[in-house]
Amino acid sequence: MTNIKWVFRSINKTLLISFFAVFSVYLLSETGLLILPLLYGQILNTVESTRTFPLHLFMMLLGFTVLLLTLRSYTGFINSRQQAKIHEDLCLVAIKKIFNLPPSKVAEKGSKYYTDTVLERTREVSTLFDIKAMTGIINLIKLFVITVIIFFIDKIVGVVSVVLILVSIYIYKYGNEYFMKHNKELKKKKMEYLSNVEDTINNKEEIHVLNAFSCELKRNSIFTEELKKMASKIFVRDFIHFFIELDFVRIFYELFVFAWGLYQAYIGSYQIGTGIVLIGYSTMITGPIVYLNSILLNIKNSLNAVDILKELEVKEEGVIVPEGEIEEIIFDKVNYTVNGRDIFKDFSFSIKKGEKIAILGPSGKGKSTLVSLILKDVKPTSGKILINGKDINFISKDWLYQQIAVLSQNSTLFPATIEENIKLGEDFYRREELEGILRKVKLPFDLDYTIEENASNVSQGEKERVLLARLIAHNKNFVILDEPLEGVDIETKKEIISFLKEYLKDRTVLVITHRDEIAQSLCEREMMV
């Protein structure tokens with residue numbers, strides 16, 4: 001329930017309200033269509049008792065049918081647009097949360113995991129708000145409504161209907177438990193078989209020397225036969241549980257209602273129209289029951305996807321959101337130790353608004369750790385980091401990311417177009433302006449060029465320039481460049497540095513590099529670590 005609340009908080013409130021309004025109308029139309037057979041039964045009963053055709057009831061049935069079908073189609077169309085917007089909102093939330101995660105955590109699971117989270121898990125969660133994909137919830141509601149109607153018509157058939165539902169749930173539960181248990185055993189047996197084949201391959205020379213090919217073939221054949229039997233047994237039992245047993249229960253129920261309805265009409269307990277409607281409802285109730293297993297599975301998959309997205313949430317308690325921009329950052333005797341190794345020891349420095357400072361030093365000296373400390377991705381072992389005179393521990397991490405633009409060695413490109421990689425869901429520039437940024441960073445691509453998984457179709461230098469274009473487009477006043485322009489050729493680098501001098505003129509800049517020429521070109525003073 002907590003995770004569902006998190007999803008609701010992540011989506012625009014106006015969009016949520018409009019979704020629930022559309023869903024309510026859709027549900028009303030579906031429920032109305034379920035009730036219409038009662039009107040149809042009333043028409044038959046009137047014809048039977050009065051021997052006249054009730055035209056007014058027929059016109060009412062026709063009018064309600066057209067109205068409810070139109071409402072259902074229209075709300076389905078409106079919802080498809082809502083669901084696309086909800087998916088977009090969830091993607092943006094997921095991307096922002098990923099950027100707030102410590103680089104160590106991202107590296108631990110890999111960029112593929114987080115790319116899949118953005119592209120696939122958000123889609124699965126958004127299906128919770130897609131009426132067409134909500135067949136599970138809709139069918140459960142239908143099941144309830146039809147059962148209530150059947151109770152209204154005939155209490156005995158209503159009790160039998162409840163028994164049908166409970167028996168069906170038991171069959172699904174038992175069938176799923178059987179499948180999960182024996183499928184696990186089958187997988188274990190497959191692993192044994194693969195291990196056996198691997199042993200045969202690794203020891204082929206010894207087998208050849210001992211002339212033991214026939215024994216190995218026999219051993220592998222026994223494994224193969226065991227696997228076939230296990231798989232056949234699972235699939236046969238699966239077929240029995242989910243088809244034969246369920247079909248037997250369903251057919252028995254429908255035959256009972258058919259016979260009971262005719263009998264009640266024969267003895268005069270109710271009219272023939274009521275009996276026909278009752279028989280019709282008995283066939284309608286078995287539809288949602290047949291898909292009950294997939295209904296519960298779809299809901300479970302969506303909730304599992306919510307859990308994955310919720311993992312991205314990084315809670316901060318007792319923090320403040322400072323007013324204005326970053327005026328000054330101070331490191332006061334900061335120590336940072338990893339596995340007994342001192343990365344920083346009594347490290348002190350400060351940078352004020354408008355200053356441009358280069359942090360120089362060879363690779364492996366912890367220069368990039370400085371970025372993680374400033375962004376609260378890691379905490380210092382001791383000492384203080386102050387921002388605008390306040391301890392960084394009490395400053396909102398979201399606010400830091402709003403203030404600071406970072407070109408980092410850990411920055412990621414997603415399998416999407418250049419435009420999407422630059423904008424990251426924001427809509428702050430027209431295409432012409434973004435194309436101008438690409439020209440300034442000397443990128444040989446257009447905005448529609450698609451970057452493949454793990455940026456496999458761009459060079460290191462091209463990746464650096466796409467990330468630089470992203471930084472420029474987000475237009476923040478505090479800029480951190482961590483080993484900028486790595487992999488960019490000398491002539492191109494000179495042209496980009498010339499542009500950066502002008503772009504960074506009125507900004508606060510922290511350049512982390514081991515290249516003195518970049519430091520001298522972009523910064524006013526240098527500091528060694």
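Side chains included, hydrogens not; waters and symmetry mates left out as well; all remaining heavy atoms used. Position 1 is the first residue of the sequence, and the numbers go up from there. What you are looking at is a predicted structure, and each value in this text was computed from that prediction instead of being measured.
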One should read off an interatomic distance between Leu27 CG and Ile141 CD1, to the nearest 0.5 angstrom, of 4.5 Å
salt_bridge(Glu254, Arg250) N-O dist < 4.0 Å:
yes
Counting only heavy atoms not in Glu323, do more than 12 fall under 6.0 Å of its CD?
no
Ile418 and Val466 have their tightest heavy-atom pair at CD1-CG2, 3.8 Å
Distance-only polar pair, side chains of Tyr449 and Asn457, donor-acceptor under 3.5 Å
yes
Are the side chains of Pro322 and Trp399 in contact, using a 4.5 Å heavy-atom criterion?
yes
Quick one: sort the Phe19 and Phe23 rings into parallel, tilted or perpendicular, breaks at 30° and 60°.
parallel
Closest heavy-atom pair, Glu48 versus Gly273, reported as atoms and distance to 0.1 Å, is OE1-N, 4.3 Å
Flag, side chain of His474 to backbone of Ile422, donor-acceptor distance under 3.5 Å:
yes
Would you mind reporting whether Tyr266 and Leu262 have side-chain heavy atoms less than 4.5 Å apart?
no
Student check: side-chain heavy atoms of Leu438 and Leu447 closer than 4.5 Å
yes
Shortest non-hydrogen pair, Ile165 vs Ile285, comes out as CD1-CD1, 4.4 Å
When rounded to the nearest 0.5 Å, the distance separating CZ of Phe445 from CD of Glu419 is 15.5 Å
To the nearest 0.5 Å, how far apart are CD in Gln264 and CD1 in Ile272?
11.5 Å
Is there a donor-acceptor contact under 3.5 Å from the side chain of Tyr281 to the main chain of Leu34?
yes
Closest non-hydrogen atom pair, Leu434 against Lys423:
CD1-CD, 3.6 Å
Would you call the rings of Trp260 and Phe256 parallel, tilted or perpendicular if under 30° counts as parallel and over 60° as perpendicular?
parallel
Taking side chain as C-beta onward, heavy atoms only, is Leu61 less than 4.5 Å from Leu36?
yes
With a 4.5 Å limit on heavy-atom distance, are the side chains of Leu278 and Ile150 in contact?
yes
Lys397 side chain near Val319 side chain, heavy-atom distance below 4.5 Å:
no
Are Ile451 and Asn421 close enough that some pair of their side-chain heavy atoms sits under 4.5 Å apart?
yes
Do Val162 and Phe151 touch side chain to side chain, with heavy atoms closer than 4.5 Å?
yes
With sequence neighbours excluded, tell me which residues meet ring-ring contact (aromatic ring centres under 6.0 Å, His included) with Phe64.
none
Is there a donor in the side chain of Tyr263 and an acceptor in the side chain of Ser269, or the other way round, less than 3.5 Å apart?
no
